[in-house]
Amino acid sequence: MASENGASARRAQAILEQLLQRGDVAVELLAQQLGVTAATIRRDLTALERQGLLRRTHGGAAPVTPLLYEPFRHNSSFQEQEAMFAAEKRRIGLAAAALVKDGDVVSLGAGTTATCVARSLRHRRNLTIVTNAVNIAMELSHQDNLRVYVTGGRLSGSWFALVGEAALATARETFVDKAFIGVDGIHAECGLTTNYPEQAPIHRVLFSQARQKIVVADHRKLGVIGTSLIASAAEITLLITDKRATEKQLSPFLNRGIRVHRA
């Protein structure tokens, strides 16, 4: 029985990783990849759906996330950004989540790439999540295996970001193992930047309070300088980007001794 439960847990992990990477999964393909019958995969999908980790579709499964966004379905600016380079962002999210260990305390800044990190952590256990992003808190709120803390503060525009002195006060009092921060630009000399000045201070504090400071940014952000500084490049523990990042884009960071991972 223990062996059977272990095999089921491993299949569940593989299914969720495929779902996060691809955006949907098909029963027949999963059965072929995992070496089990289609009936076994259907039972796995049903069990995962009961846990709120996916939703069944005809012939497979899709993420549960869009259902949670129903109150914000007309927020086109966030959705448009979320759809841009979605596959790259999903891979970055998976690579980031792979760094998180059970029992970790993790902070997540607002933004679409950080949201992909959050989605990749939904099925993990015994994590404490600190975030200034209302949408991230929503997506993780119904997971009994996660403890989610929101900074508080004033809601800024259409990006679900909490900002202001109340947010900063909470963040200053919280130390975390790993911080995952998305950016509008990351430059080897000018550092991490955002085009939203109100968000810079809270992301700066979340970053500074972490033992490991990790930037999650697709290739479009590399070498770009936004309007407001978050932190210097020297503070970065790791930069996670996608495979479309070129050697020319990455060499300034590598030359400064910054670790880079292409997902």
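Index from 1, following the sequence.
- In the hydrophobic clustering of ILVMFWY residues, with side-chain heavy atoms under 4.5 Å counting as a link, Val105 and Phe175 come out apart.
- For the pair Asp218 and Arg220, the salt-bridge criterion is met [side-chain N within less than 4.0 Å of a carboxylate O].
- When only modelled atom types and interatomic distance are considered, Gln32 and Glu28 share no side-chain donor-acceptor pair under 3.5 Å.
- With Leu146 as reference, Leu127 is the one residue of Val106, Leu127, Thr128, Asn126 to meet the side chain to side chain contact (heavy atoms under 4.5 Å, CB included) rule.
- Salt-bridge check for Arg262 with Glu247: passed, with a basic side-chain N closer than 4.0 Å to an acidic carboxylate O.
- Judged purely by distance below 3.5 Å, without hydrogens or angles, the side chains of Gln199 and Thr194 never pair a donor atom with an acceptor atom.
- When all heavy atoms are compared, the tightest approach of Val205 to Ala171 is CG1-CB, 3.5 Å.
- The minimum heavy-atom distance linking Phe253 with His187 is given by the pair CE2-C, 3.7 Å.
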Under the side chain to side chain contact (heavy atoms under 4.5 Å, CB included) rule, what do Leu238 and Gln212 come out as? Steps first, then yes or no, please.
CA-CA 8 Å; Leu238 176 66; Gln212 295 184 40; over 6 Å; no

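- Taking OG from Ser232 and CD from Glu189, the interatomic distance works out to 12.5 Å, rounded to the nearest 0.5 Å.
- In plain terms, the two heavy atoms of Lys248 and Ser251 that are nearest each other are O-OG, 3.2 Å.
- Between the side chains of Thr40 and Arg43, at least one donor-acceptor pair of N or O atoms lies under 3.5 Å.
- For the atom pair CD1 (Ile236) and CG (Leu192), the distance works out to 4.5 Å, reported to the nearest 0.5 Å.
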What's the verdict on side chain to side chain contact (heavy atoms under 4.5 Å, CB included) for His203 and Asn132, showing C-alpha distance, side-chain angles and the deciding distance?
CA-CA 9 Å; His203 285 174; Asn132 75 313; 3.7 Å; yes

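- With rounding to the nearest 0.5 Å, the separation of CG in Leu222 from OG1 in Thr241 is 4.5 Å.
- Atom CG of Leu34 sits about 8.0 Å away from atom CG of Asp44, to the nearest 0.5 Å.
- Summarising the geometry, atom CG belonging to Asp104 is positioned 9.5 Å from atom CG belonging to Leu121; distances are rounded to the nearest 0.5 Å.
- The minimum heavy-atom distance between Cys190 and Ile225, with the atom names listed, is SG-CD1, 3.6 Å.
- A donor atom on one side chain and an acceptor atom on the other are found under 3.5 Å apart for Thr115 and Asn135.
- Ion pairing between a basic and an acidic side chain is recognised when a charged N comes within 4.0 Å of a carboxylate O; Arg119 and Glu139 show such pairing.
- By the 6.0 Å contact criterion, CG on Asp144 is open, its count of non-hydrogen atoms from other residues, nucleotides or ligands being 12 or less.
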Which is it for Glu165 and Arg172 under the salt bridge (charged side-chain N to carboxylate O under 4.0 Å, His left out) test, yes or no, and what are the steps along the way?
CA-CA 10 Å; Glu165 191 53 44; Arg172 288 190 188 110; 3.0 Å; yes

Begin with the C-alpha distance, continue with both residues' side-chain angles, and end with the deciding distance and a verdict on side chain to side chain contact (heavy atoms under 4.5 Å, CB included) for Arg55 and Glu49.
CA-CA 5 Å; Arg55 60 186 175 88; Glu49 185 177 48; 4.1 Å; yes

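- With rounding to the nearest 0.5 Å, the separation of NE2 in His219 from CG in Leu250 is 11.0 Å.
- Between the Gln143 side chain and the Leu140 main chain, no donor and acceptor come within less than 3.5 Å of each other.
- Residues Ala167 and Ile202 share a closest heavy-atom pair of O-CD1, 3.5 Å.
- Linking ILVMFWY side-chain heavy atoms closer than 4.5 Å, directly or via other members, places Leu108 and Val163 in two distinct hydrophobic clusters.
- The nearest pair of heavy atoms linking Leu206 to Gly109 is CD1-CA, 4.2 Å.
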